[in-house]
Q: 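My questions will all concern the structure given below.
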Protein chains: 2
Amino acid sequence: MRASDRAYASLRDDIIEWRLAPGTVLAEVEQSERLGISRTPLREALGRLTAEGLTTAGGRGVVVTGISLEDIDELFELRETLEGKAAALAARRGDPATFEGLQRELLNAPQLISGNHPALHDYYELVGRLDTAIDAAISNSYLAQAMRSLRVHLVRIRRLAADDACRLAAAAAEHAAIAEAIAAGNPKLAEAATVLHLHRSLSHIKATHASPPKEHHG
Amino acid sequence: MRASDRAYASLRDDIIEWRLAPGTVLAEVEQSERLGISRTPLREALGRLTAEGLTTAGGRGVVVTGISLEDIDELFELRETLEGKAAALAARRGDPATFEGLQRELLNAPQLISGNHPALHDYYELVGRLDTAIDAAISNSYLAQAMRSLRVHLVRIRRLAADDACRLAAAAAEHAAIAEAIAAGNPKLAEAATVLHLHRSLSHIKATHASPPKEHHG
DNA sequence: GGTCGAGATTATGTATACAGAAGTCTTGTG
DNA sequence: CACAAGACTTCTGTATACATAATCTCGACC
């Protein structure tokens, strides 16, 4: 693996997991020394992060982007548009069997979650498989790409919302409804189920953070 | 201006204007010598182009991306989703006076176009102002960013469709309808006018290219 | 005492040198 | 004559050295 790829993955992870706070300046010499590489591959990594919107190239050095409450609203507005359309397209073009299987798994998810130690990883992996299945079903690489670039920010937001077992179970049911609608080949229903799920998710995030979270564009 | 910026702008223009054909390999030494810069800023430029989707970083060297008929369909599918939503949001949040002015200008556009030498530049500049006004009105930087990344590819497609004066006049009328709906504060109408315009544009492009254009991902 | 300016310092932007990998051409053998 | 193996060529990936620009600080002058 290339050094620039490692640097990119490392920094991306640090930003998404909030180990690098918004507003942090990523000086080239400092970071290249920290990661044990030279400035050249680091610059490529920073360029990719900036293209994704995780950092901004303001004046001197690149700084870690913040996420304000307005950003979350904007993000979900776009997300509703893209994922709603994607769900509708998947219902038209997807393979029903695939989504029937995912629906079954999602209906079983709450049982796994309510166990002793909530297996967040398993749940997120399952949701990720649903996302991947939708991406493949829509047969639209540009739409898929747009959603992928959104998901980076959403994962970041997810860390802000302390997902309890209750919300996870509800979310699993909502995802199951989406999968069911897609499997049934019903575009309108798939879009409606998606919109519903996203509104619930956004409400949950906002309720969790009645007090404003870390603020905004560094 | 930085050397990497100049290289990026130059290559981007060459690709959009089809001076660099799809499938062309952009070797680093070759291009850096052609542009009179060193490999370092050139690599940054290539990275930006690849992030935008104008080039792909397959195996050895980056190659200029192609646009197939399927790509155009996918592109317009996403475009309909994003611009439809944007028009609806602009109708809700935009300043009516701005769009009334744009509507008036667009209604006068056909007179300018039907002159001796069709002033394509003026028309495209006017449409660009409408896009900019919508971007500003929606108050959603993520949606605006998604549309900006789309427009790069659309400009490229525009060069494939030989826009005659007749089509330009019709397009101006369609744009005027969009501006009118936004000025009227009618989201559903604005979205409908946008969807109508995009379908007409796509039909025109497809009719122009009954014979398949340059094909596919390089 | 405050403010403006010049110098120093440090960071980014660029060029170049080096290393590793991949592809191609050539040559030898079956 | 065809196929395979090896060396050579060439390209990308990385490191480092140098240039340039911006910022911070210190000092002088008002």
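Naming: A, B, ... by sequence-line order, numbering from 1 per chain.
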Q: Identify, between B/A27 and A/R60, the residue whose nearest nucleotide on DNA chain D lies closer to the 5' end.
A: B/A27

Q: Using the side-chain hydrogen bond (donor to acceptor under 3.5 Å, both in side chains) criterion, which residues pair with B/R93? Sequence neighbours excluded.
A: A/E77

Q: Roughly how many Å is it from CZ in B/R6 to P in C/dG13, rounded to a whole number?
A: 14 Å

Q: Considering residues at least two apart in sequence or located in another chain, which fulfil the side chain to side chain contact (heavy atoms under 4.5 Å, CB included) criterion with B/S149?
A: none

Q: Mind jotting down which residue pairs meet the side chain to side chain donor-acceptor pair (under 3.5 Å) criterion with at least one end in residues 79-89 of chain B? Sequence neighbours excluded, please.
A: B/R79-B/E83, B/E80-B/H199

Q: Please state how far atom CD in A/Q31 lies from atom C1' in C/dA11, giving the value in whole angstrom units.
A: 14 Å

Q: So does A/R148 pair up with A/E52, basic N to acidic O under 4.0 Å?
A: no

Q: Using the side-chain hydrogen bond (donor to acceptor under 3.5 Å, both in side chains) criterion, which residues pair with A/D13? Sequence neighbours excluded.
A: A/R19

Q: Return the residues of residues 33-50 of chain A meeting this criterion: a heavy atom under 4.0 Å from some atom of DNA chain D. Order them by number, or give none.
A: A/I37, A/S38, A/R39, A/T40, A/P41

Q: Would you tell me if any nitrogen or oxygen in the side chain of A/R2 comes within less than 4.0 Å of OP1 or OP2 on D/dG13?
A: yes

Q: Who pairs with B/E28 by side-chain hydrogen bond (donor to acceptor under 3.5 Å, both in side chains), at least two apart in sequence or on another chain?
A: B/R39, B/R43

Q: To the nearest angstrom, how far is B/E28 atom CD from C/dA21 atom P?
A: 17 Å

